[in-house]
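Because only heavy atoms are used, hydrogens play no part in the values below, and waters and symmetry mates are left out as well, while side chains stay in. Within every chain, numbering begins at 1; the chains are lettered A, B, ... in the order of the sequence lines, protein sequences first and strands thereafter.
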Number of protein chains: 2
Amino acid sequence: MPTPPRTSLDAITAAGGAILETRGLAGLTMQAVAQRVGVKAPSLYKHVADRDALVGLVADAAAQDLATHLEGSEGLAGLARALRTWATAHPARFRLVFSGQGSPEVAAAAGAPLLKAARELVGPTHKLSAARLVTAWATGFISMELAGAFQLGGDVNEAFEYGIAQLTAALRAS
Amino acid sequence: MPTPPRTSLDAITAAGGAILETRGLAGLTMQAVAQRVGVKAPSLYKHVADRDALVGLVADAAAQDLATHLEGSEGLAGLARALRTWATAHPARFRLVFSGQGSPEVAAAAGAPLLKAARELVGPTHKLSAARLVTAWATGFISMELAGAFQLGGDVNEAFEYGIAQLTAALRAS
DNA sequence: ACCTGAACACCGTTCAAGT
DNA sequence: ACCTGAACACCGTTCAAGT
């Protein structure tokens with residue numbers, strides 16, 4: 001006899017996002033998600049192929065969250081600072097978005113504003129390479145910062161602003 | 001009655017490195033390492049605190065492997081290319097080295113040549129920020145490349161060389 | 001049509017018992 | 001002093017049985 005679903009893909013994705021935030025990627029288990037949506041773990045497989053697929057959904061939701069967060073900002077400097085602010089507030093989400101576990105399309109959509117900013121600074125010939133320069137730097141910098149890789153002291157904020165200034169100048173001059 | 005050790009920290013670390021290479025970080029289990037050194041998993045805890053510590057040792061070994069690989073290269077361009085070559089040949093090692101799971105000292109030692117190259121291009125005032133600009137870009141670029149994040153087509157090699165050229169010019173001009 | 005309990009094959013880790 | 005088997009608490013995943 002058919003019975004109505006007691007949960008949904010949206011509820012599962014939202015629960016996954018909340019658990020990612022509080023317990024990290026390792027804490028994002030099928031059992032934890034199931035408990036949060038009020039169901040037993042095996043039931044999740046009626047909505048999701050496996051854990052990897054669930055993680056992918058959470059990654060896409062995080063990428064969309066990032067995209068809306070970037071909406072208010074403009075220009076290379078503004079976008080880079082907004083990205084860093086968001087990453088600092090949601091480190092697990094940031095790592096997941098840039099780990100390649102989500103769908104490439106959604107990740108590309110989140111990166112579109114930065115691509116546009118690069119295009120406005122540089123000629124059309126190198127716009128893609130310029131966008132890759134900027135995104136690689138920004139995500140690399142923030143990843144290292146979150147990983148605690150800046151061990152040699154100095155002012156990390158200053159280094160970030162230095163990067164913005166150097167890249168802006170370099171792209172303008174090219 | 002005292003018995004001689006049937007394995008060693010070096011053997012365990014080497015086994016971990018080999019498994020990381022072939023089966024990835026998820027395949028780097030206590031059982032897999034134990035089997036490879038000819039012992040049962042619980043015995044590993046006589047040599048290593050827990051799995052995290054073992055992963056840290058493997059990360060440090062990978063960082064030292066990277067350091068020796070970089071020895072032949074000089075200058076920002078040469079070092080960046082050597083880093084990318086090594087990362088492409090050993091993606092799991094690269095990710096582990098820059099994930100912050102190893103000891104900060106060893107990771108810093110591996111990054112020292114790049115820091116030196118930056119220092120030679122830029123004045124002493126901004127040498128640390130310049131080094132962080134270059135390492136953030138290089139590791140970010142390679143991470144994105146390994147994650148398959150460059151979805152928009154175009155020539156990835158060209159984008160890498162473009163980054164080298166822009167950063168070199170920017171640091172020289174400052 | 002969805003949910004559940006039970007089961008399976010795996011983890012990391014602890015610990016008493018062997019040598 | 002090191003190694004082992006057995007055990008514990010967890011994983012992800014499958015599947016027959018319930019409703």
Side-chain angles (χ1 to χ4, degrees), chain A residues 1-62 92 95-96 99-103, chain B residues 1-62 92 95-96 99-103:
Chain A
M1 195 180 293
T3 66
R6 223 163 294 175
T7 183
S8 69
L9 205 55
D10 279 2
I12 289 169
T13 306
I19 292 167
L20 176 71
E21 193 83 353
T22 55
R23 283 182 262 176
L25 186 58
L28 183 54
T29 68
M30 300 300 275
Q31 324 225 10
V33 172
Q35 186 181 5
R36 191 170 239 268
V37 300
V39 105
K40 301 295 179 183
S43 302
L44 297 179
Y45 292 85
K46 285 287 162 184
H47 303 269
V48 127
D50 52 22
R51 182 179 180 268
D52 281 356
L54 197 159
V55 170
L57 289 171
V58 175
D60 287 350
R95 275 188 289 258
L96 187 55
S99 71
Q101 310 219 43
S103 89
Chain B
M1 196 183 290
T3 66
R6 222 163 294 174
T7 184
S8 68
L9 205 56
D10 279 2
I12 290 169
T13 305
I19 292 166
L20 176 72
E21 193 82 356
T22 56
R23 282 182 262 177
L25 187 57
L28 183 54
T29 68
M30 299 300 275
Q31 323 225 11
V33 172
Q35 187 180 6
R36 192 171 240 268
V37 300
V39 105
K40 301 295 179 183
S43 302
L44 296 179
Y45 293 84
K46 285 287 160 185
H47 302 271
V48 129
D50 53 23
R51 183 179 180 268
D52 281 356
L54 197 159
V55 171
L57 289 171
V58 175
D60 287 349
R95 275 188 290 257
L96 187 56
S99 70
Q101 309 219 44
S103 89

Give me the atom names and distance for the closest heavy-atom approach of D50(B) to M30(B).
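Smallest interatomic distance, heavy atoms only, reads C-CE, 4.5 Å.
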
Heavy-atom pair with the smallest gap, counting every atom of H47(A) and P5(A):
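For H47(A) and P5(A), the tightest heavy-atom pair comes out as CE1-CB, 4.4 Å.
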
Pick out which of E21(A), R23(A), R51(A) makes a side chain to side chain contact (heavy atoms under 4.5 Å, CB included) with L28(A).
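With L28(A) as partner, E21(A), R23(A), R51(A) yield a single side chain to side chain contact (heavy atoms under 4.5 Å, CB included), made by R51(A).
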
Applying the side chain to side chain contact (heavy atoms under 4.5 Å, CB included) test to I19(A), which of V58(A), T29(A), V33(A) qualifies?
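Running side chain to side chain contact (heavy atoms under 4.5 Å, CB included) over V58(A), T29(A), V33(A) with I19(A) returns exactly one hit, V33(A).
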
Would you compute the distance between atom CG of L25(A) and atom CG of L96(A) and round it to the nearest 0.5 angstrom?
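Those atoms lie 6.0 Å apart.
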
May I ask you to verify if any side-chain N or O of [X] is less than 4.0 angstrom from the OP1 or OP2 atom of [N]?
X	N	result
H47(A)	dC3(C)	yes
S43(A)	dC2(C)	no
R51(A)	dG12(D)	yes

Quick check for you: among [options], whose closest atom lies nearest to any side-chain atom of [X]?
X	options	value
M30(A)	dC2(C), dT13(D), dG12(C)	dT13(D)
K40(A)	dC2(D), dT4(C), dT13(C)	dT4(C)
T29(B)	dG12(C), dC3(D), dC2(C)	dG12(C)

Which is true for P42(A) with a 4.0 Å heavy-atom rule: it touches a base, it touches only sugar-phosphate, or it touches nothing?
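The answer is base, as P42(A) lies within the cut-off (heavy atoms under 4.0 Å) of a base atom.
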
With heavy atoms under 4.0 Å as the rule, sort T7(A) into base, sugar-phosphate or nothing.
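Sugar-phosphate contact only - T7(A) comes under 4.0 Å of backbone atoms but never of a base.
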
To the nearest angstrom, how far is [X] atom [atom1] from [N] atom [atom2]?
X	N	atom1	atom2	result
Q31(B)	dA6(D)	CD	C1'	13 Å
L9(A)	dC2(C)	CG	P	12 Å
L44(A)	dC2(C)	CG	P	14 Å
R6(A)	dG18(D)	CZ	C1'	11 Å
K46(A)	dG12(D)	NZ	P	19 Å
Q35(B)	dT4(D)	CD	C1'	16 Å

Does dG18(D) have a Watson-Crick or wobble partner in any strand here, with both distances under 3.5 angstrom, and which is it?
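Matched dG18(D) with dC2(C) under the 3.5 Å cut-off.
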
What is the pairing partner of dG12(C), taking Watson-Crick or G-U wobble pairs with both distances under 3.5 Å in any strand?
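The base-pairing partner of dG12(C), which may sit in any strand shown, is dC8(D).
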
